[in-house]
4 protein chains.
Amino acid sequence: MVLKTKQQYVQSIKRMKSEAYMRGERIEDLTKNGLTRLALEGVGEIYELSKQPKYSSLLTRQAQGGPRISAYCSIHRSREDLVNRVRAARLICQMTGVCTASRCCGWDCLNALWYTTYEMDTRLGTVYHKRLKRYATMVQGKDLTCAGALTDPKGNRSLKPKHQPDKDVYLRVIDENKKGIVVRGAKSMIGGAIGSHEIIVQPGTGFAEAETEHAVAFAVPMNTKGVTQVVNMQPGGERKLEAGFDKGNVGFGSSESLVIFDDVFVPKERVFMNGEFEYAVDVVTKFVLLHRMVLGGCLAGCGDVLTGAAALLAEYNGLSRQLSDRLTEMTYLSEALYSQALGAAYEGQSTPSGAWFPDPLLANVTKISVTRLPYEIQKIAEDIGGGMISCMPSELDLTNPKVGPLVEKYYRGLAGVTAEKRLRVARLIESMVAGPGRLGALCMHGGGSPAAAQMTVRQLANLERKKELARRLTGVPAAS
Amino acid sequence: MVLKTKQQYVQSIKRMKSEAYMRGERIEDLTKNGLTRLALEGVGEIYELSKQPKYSSLLTRQAQGGPRISAYCSIHRSREDLVNRVRAARLICQMTGVCTASRCCGWDCLNALWYTTYEMDTRLGTVYHKRLKRYATMVQGKDLTCAGALTDPKGNRSLKPKHQPDKDVYLRVIDENKKGIVVRGAKSMIGGAIGSHEIIVQPGTGFAEAETEHAVAFAVPMNTKGVTQVVNMQPGGERKLEAGFDKGNVGFGSSESLVIFDDVFVPKERVFMNGEFEYAVDVVTKFVLLHRMVLGGCLAGCGDVLTGAAALLAEYNGLSRQLSDRLTEMTYLSEALYSQALGAAYEGQSTPSGAWFPDPLLANVTKISVTRLPYEIQKIAEDIGGGMISCMPSELDLTNPKVGPLVEKYYRGLAGVTAEKRLRVARLIESMVAGPGRLGALCMHGGGSPAAAQMTVRQLANLERKKELARRLTGVPAAS
Amino acid sequence: MVLKTKQQYVQSIKRMKSEAYMRGERIEDLTKNGLTRLALEGVGEIYELSKQPKYSSLLTRQAQGGPRISAYCSIHRSREDLVNRVRAARLICQMTGVCTASRCCGWDCLNALWYTTYEMDTRLGTVYHKRLKRYATMVQGKDLTCAGALTDPKGNRSLKPKHQPDKDVYLRVIDENKKGIVVRGAKSMIGGAIGSHEIIVQPGTGFAEAETEHAVAFAVPMNTKGVTQVVNMQPGGERKLEAGFDKGNVGFGSSESLVIFDDVFVPKERVFMNGEFEYAVDVVTKFVLLHRMVLGGCLAGCGDVLTGAAALLAEYNGLSRQLSDRLTEMTYLSEALYSQALGAAYEGQSTPSGAWFPDPLLANVTKISVTRLPYEIQKIAEDIGGGMISCMPSELDLTNPKVGPLVEKYYRGLAGVTAEKRLRVARLIESMVAGPGRLGALCMHGGGSPAAAQMTVRQLANLERKKELARRLTGVPAAS
Amino acid sequence: MVLKTKQQYVQSIKRMKSEAYMRGERIEDLTKNGLTRLALEGVGEIYELSKQPKYSSLLTRQAQGGPRISAYCSIHRSREDLVNRVRAARLICQMTGVCTASRCCGWDCLNALWYTTYEMDTRLGTVYHKRLKRYATMVQGKDLTCAGALTDPKGNRSLKPKHQPDKDVYLRVIDENKKGIVVRGAKSMIGGAIGSHEIIVQPGTGFAEAETEHAVAFAVPMNTKGVTQVVNMQPGGERKLEAGFDKGNVGFGSSESLVIFDDVFVPKERVFMNGEFEYAVDVVTKFVLLHRMVLGGCLAGCGDVLTGAAALLAEYNGLSRQLSDRLTEMTYLSEALYSQALGAAYEGQSTPSGAWFPDPLLANVTKISVTRLPYEIQKIAEDIGGGMISCMPSELDLTNPKVGPLVEKYYRGLAGVTAEKRLRVARLIESMVAGPGRLGALCMHGGGSPAAAQMTVRQLANLERKKELARRLTGVPAAS
């Protein structure tokens, strides 16, 4: 059995001592900082649930000719794998209430590179796919968590990479020798970087011939020399640094980092693309296909938690019946996201590499819905939650001898519902609407902007065929 | 080969001489009345396409131990059958631009009764399932079109059936003997009744013990004595009675009727429920599951046509580039409907009877989306279409010697785009937005009202589990 | 008293014998054609209500130094006049359920030209304003209805007027002499042209120096030689040609025409712009300001009627209580439109000419709302109306001896609610959603497209000031 | 001149030493706690701007027979006063970016009580209005800030006040003598309480005869014995406790408190209602009318700031042109809110007391829009802001010698746009979307829940008149 326990995972990350900064200071022990500890718990829950019989068939896969491995470092080899991908996303978000992006993004990178390196090897005679296979087998065997890194800082977005005054705003190869390459640059908003053993880096956009230095993909351990993280502070992130329930979700968290590559050496067996600029767009496209599909599952899962919290608060306030319509609407919205993701998964197709990918059109459609429906979910949660959401005393007030009893007296709900219960649930809603686990941070730009998804839908819309359908029904002659 | 040609279908309907009225007069020949002729063409296109190699695998099924039969009178026997059901719905709507409800509703009735009669026979020792099997085999063998009839007139909707002053407002059994039963009542809004060989009648709602007389299901030929139709006139229906293109869709149409059963005798081998009131709700539920799922395919198909028409008109006006974003949004909306329907289909399950049904929650979610997204599609089409939509001269003006040349002069678009071309396409948009093929008539109440779907979502929402998820993350103890 | 009675109005129009075509034939008597008769009733109701003490203060104005004249040919001389403009629009739409565009558009043209001619006379030394004053006094004294005509056919919309292969697709001056000018071209979608004594023509867009021939404004009687109308057929327009209630609104109607100017001579005292291309954009801007504001009142009034019809049908079906939330939403939507229009009116400003105009930003904001909210109103009406909307027998079926009694039996509602009552109300909803009085035809492109309103909002948004507000709060230094 | 300077205001509040707790500890000096200091700056800005010639005509009023007083403690005595109320709300939100609820709520309470006490004195012969006049004159003369307190904790919301196990969950009179009354209870979510000199308490709901003890209105200084505050911690509230720009809005803040009345004595000249339960609903209704109207102005102002911030970030990223449509939509949404509030103000009416109130229907319509449109504004801001919103390093990272230069390198935008500039603006957006100044906290429940506003719209909808309109157009006879 290669699967790590949660405890093994957490300790293995702690031991790596990756170089990470937060609020201007080096984090010495990731398990002692409140925010990073919660993020480790979030990813750790995947390890935990993978061991439970109830979930293991969903969260693990039978490796070809080997032991069961974590699904989170597997290659999707069937339609069912894609569907289970969506199911797993919903489950993990239900159980943690947070984005465990690291394992997801690394998973997507592995699959995207699986396809792209296969194509490169086949057409260009390179050996990237062979390298990647070895790398994937190592990752699977050690049950590692790999962050996936795409987004470059981009500087002035109206200029192409080749026209940027500082070329480093797109990560690039600055040197190369027989043993490997040296890279410089940064990747932004890297989900779960602090909880990752490895980071897989790939292009975040297509590149032109004059931009070959940027067409690079590779993987390095997170504690590689020259790799430095700055952990982002989300709204309410400060609360994660504290004990207590004001943070809303008391069990799990997430994190994102700016990951800086300050002249980092990458040995060549860990390089999976190096200058083949025509393939940059492929690896991006395949990554986002997976990611845009899977977000439908993630947001459905988060929607479930938020629906449950809203239902609970309605119950505590004695308003379950009156708010029933709105809870139903929340359910509808979550399921609409889920069914779209399932549609994209079930309609997926295989590739020559053996890896499966979702239907391109439906995956992008799912992403567009993901940038809209969760906002409706949030809004209803806020409506149901009442003025209390964003107007609550701190947990610390509950223990003050003077005001504690008064807070208790005036925040009670139905018989048996203590102030603490109501505040705990209200804080969860608050945190998912406007705090450190808010849906908006996950849904709008995860997997790319809505505009990017719309552009893909436009490309795949096949308007010519639709025009032909219209001509047929109107009696206008077909286009020649 | 049991499949009828389109021509055979049309002639077989003509020969039945079912009793149908329109605008206060008996229709003598359904193939000569413009409106009913178009409706026959609509259903006829299913016959036509089923014969084409390109579509036959989608539109026909291999009967168990027999020839290929039309999918439209088959039982869904696998997940794939459900998925193909959605695909077929989209295809037929793409190819005809209209609702061919008769074959669909009959198809759904057959499947809903397949399940329900099986349950009844198993538990009550009745012989309904045996009868239904024989009936289905007959329908398949003759490749018949069966209307499906559920909706009772209902009278005062605030009263239950048993309290209605006129009991006939819910169809009911008024007499019974050894040979069969006599029924009285009516069914409203029966799609495609005029183009059907048979009509399958089933309850449209659940019934209580005091309402057993209404718990009845049966099938009769459309030309049975005592069965009378009044064909509805939709907005713009009058245009279908005319030649020319002002009707928008010049090739195909649809129709709905009030079908009245004025003391109609039904021989007992055609009776599939007779008083088993506890099963009424089952047969309704199973019917609507199929129908609410499949509407996602239908509306996606109609959305495709409307998107194509809008794209065509944008092209004729020289505005394709400027309107590209809005066309993309139309595409997104159609695909969102489609993917939800696919999700519901793929997640479908089998029943002891062997018939498969969609996932109940996702099918109802699809229906809710169907009551919303098509309105957005329509609105964008109207935006793209410009003021011309709803402000056009009649086709007849084009041939008037005085104004014809002026209309031609002032309605031309890009070079090569005649006034007629622009008007034809604009009339198609108009008819789908506000005329005889409008999406709104199809999407809002087809398969039941949005409120009915919402009620089902509420029942299936499993709020208790969601509350448990929320409790887990907040540290509030689990409910005992 | 200069005000005409409704009867005098109708007869005066009949006597003009303007040249109008419909469905390929000349209309000999506008009072005998069902559609045009209803349109005359619509505008006629303004005449009717203006005489009623209850409404006369709203619908008439005290002319300067003269008798009370119709508001519909007055110049707005105060903030209160603008507010009353919105109130009158709502009232007339409430009382007629239709767009009485002719009097409104002519009113707007008079005001737009009042401003623009004043500016031209002041700056260029022309005499257009003096001419217009005389013209306005004549119109007021005779209580005439003036159509207002802006929209050119435009041909290929991607080309500017000067590049059109057929220059006539923008109306233009083709000849000129001491006595006047000769114009050729057409104006599209002219609301109420058949019920107008006069037609006021003005540019529908700005023009460049090379396009001076198109910068022309003038007025002619509708029966001027060379002026020909082709009356448009809206969806369901055919029903207006018939007796009976299937048309929904049995009392009133509207109409739109393509008005063709086939080398029409205009005497110079009726020419209000002739080549002053720099002023074309002014007269368009001022027209649309009024129109975009007033649509908020119109759609609120139509919304009121549709809300009332939906409430009535809910009552007939015994569902008033259950549908109360949705009726409230309809009310909200109508009032939101109304309050925006009021905001634009109250914030209006005077001009040197003495004419008042609405706040430019708020008038355009109102228009954007007008392209959105009425669709929500329609959708709810369709939801409340039930499947019956678009699935009804014809009125003619009620009188057929065979099926009439059956239709009566099965379409009854609550006690005392006959089938006819239900059908009449359902047909009204149907016609306002999808038929000859539908809101969509009025709201999307009336007063220009949503894109045009958005462009104006963009121009007026003053983003620089807003950026300054943001800088101030963030501590980022102000832009130098 | 009675107007205080900002400095005088801040010092006067500091000197009061009101008893306030935050995060479990007593706040010793409100000017030293980061959060409360910012809140004082927010309200203080009203004092500041009132002194500036540019704004004084808007923010001050001429007292009857006296000096200019702050508008924020005046009685609305004309339509223009109501309109200026809306304008002032927009201005203050533009200039501060936050809710300065204290002065607004107190202002509304004064006006609501002005009307209600007048009615009581007139009908019941009480002396409340005389007392209130003296109180108002005192407040105006000293230029005091008064919090307004309505919302009771409510306990189990499904029970009426008289059935609550703990009667104190609705504030009530527990004792009374010749000198005054003693009250017990609490008021929740009291905006700006820490920055107020006085607190005006009034019923938050109607009461029945058996609930007279709750029908009480009065005012006390915030530092009255027995009055204790617990200051709420909003999402991101912790950041306000820190220096630096991570809080987004660096100049201004807001605060809300639970205000507890632990057996507080109120002298009778400060009691404005005491048991007159029939008048409780009046004072609530009048309060919310003002509040629901004015929120349209507030949210428009906050929308302006957010639009400006989004425009600024778009500019820094080199994307102004591409994002122009979305910025226009933000502008539309803000102006739609503003115009609705203006409509409600302009349509306001006077009362016998001399106080003016907005149109009841339009004020509630504005509130409904306020619960919807700001969410759209937020969503677009988040879309424009990009993934950076919610994924930013802390300001503290900028000064770390190791990572500071790297953060600077990788967060730069266009030439001249430093990382700090981009981060400052992005933090402002973040805080308004999801942090301590977020729109959602202000718009959803401020002035009551959306459901409360909808209930009022239902009551005022006058469906009977609308039904009559519909009957008239259908030919259905009028109701007798």
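Proteins come first, then strands; the chains are lettered A, B, ... in the order of their sequence lines, and each starts at number 1. In what follows, every heavy atom counts, from backbone to side chain, and hydrogens, waters and symmetry copies are set aside. Remember, predicted model here, so these are calculated numbers, not experimental data.
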- prompt: For A/Tyr346, which residues count as a ring pair (Phe, Tyr, Trp, His ring centres under 6.0 Å) partner, sequence neighbours excluded?
  reply: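 Counting only residues at least two positions away or on another chain, A/Tyr346 forms a ring pair (Phe, Tyr, Trp, His ring centres under 6.0 Å) with B/Tyr346.
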Original post:
Which of these passes side-chain hydrogen bond (donor to acceptor under 3.5 Å, both in side chains) with A/Gln94: B/Arg465, B/Glu468, B/Lys466, B/Arg472?
Top reply: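 Going through the options one by one, the only one that passes is B/Arg465.
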- Please report the C-alpha distance between A/Arg372 and B/Glu329 in whole Å, then the side-chain angles of each, then the deciding distance to 0.1 Å, and finally whether the salt bridge (Lys or Arg N to Asp or Glu O under 4.0 Å) criterion is met. CA-CA 13 Å; A/Arg372 299 181 184 181; B/Glu329 180 70 11; 2.7 Å; yes
Between [X] and chain A, with a heavy-atom cut-off of 4.5 Å, which part of the residue counts as in contact: side chain, backbone, both or neither?
| X | result |
| --- | --- |
| B/Leu327 | side chain |
| B/Glu41 | neither |
| B/Thr96 | backbone |
| B/Asp325 | both |

Give, for atom [atom1] of [X] and atom [atom2] of [Y], the distance between the pair rounded to the nearest 0.5 Å.
| X | Y | atom1 | atom2 | result |
| --- | --- | --- | --- | --- |
| A/Thr331 | B/Leu460 | OG1 | CG | 10.0 Å |
| B/Lys467 | A/Leu313 | NZ | CG | 11.0 Å |
| A/Leu362 | B/Glu335 | CG | CD | 5.5 Å |
| B/Thr328 | A/Arg458 | OG1 | CZ | 4.5 Å |
| A/Leu306 | B/Leu473 | CG | CG | 11.0 Å |

Largest heavy-atom contact set with chain A, pairs under 4.5 Å, which of [options]:
| options | result |
| --- | --- |
| B/Ala345, B/Ser324, B/Ala344 | B/Ser324 |
| B/Val83, B/Val365, B/Leu342 | B/Val365 |
| B/Ser369, B/Ser334, B/Gly251, B/Gly97 | B/Ser369 |
| B/Phe245, B/Tyr338, B/Tyr332, B/Phe252 | B/Tyr332 |
| B/Ala311, B/Ala310, B/Ala309 | B/Ala311 |
| B/Val425, B/Asn462, B/Thr307, B/Leu361 | B/Leu361 |

Check whether [X] gets within reach of chain B through its side chain, its backbone, both or neither, counting any heavy atom under 4.5 Å.
| X | value |
| --- | --- |
| A/Gln459 | neither |
| A/Asn364 | neither |
| A/Ile368 | both |
| A/Met455 | neither |

Tightest non-hydrogen contact, residues A/Gly475 and B/Arg424, listed as CA-NH1, 3.9 Å
What one should report as the nearest heavy-atom pair of A/Val305 and B/Ala470 is O-CB, 3.9 Å
Hits for side chain to side chain contact (heavy atoms under 4.5 Å, CB included) against A/Pro436, two or more places apart or cross-chain, chain-then-number order -> A/Lys240, A/Ser431
A/Gln454 meets the side-chain hydrogen bond (donor to acceptor under 3.5 Å, both in side chains) criterion, sequence neighbours left out, with none
- prompt: Under 4.5 Å, heavy atom to heavy atom, which residues of residues 414-422 of chain A contact chain B?
  reply: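 Residues in range: A/Lys421.
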* Asked: Of the listed residues (A/Gly248, A/Ser339, A/Pro477, A/Gly343), which shares the most heavy-atom pairs with chain B below a 4.5 Å separation?
  ->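 Most heavy-atom pairs within the cutoff with chain B belong to A/Ser339.
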From the list A/Val98, A/Leu428, A/Thr366, A/Leu337, the residue making the most non-hydrogen contacts under 4.5 Å with chain B is A/Leu428
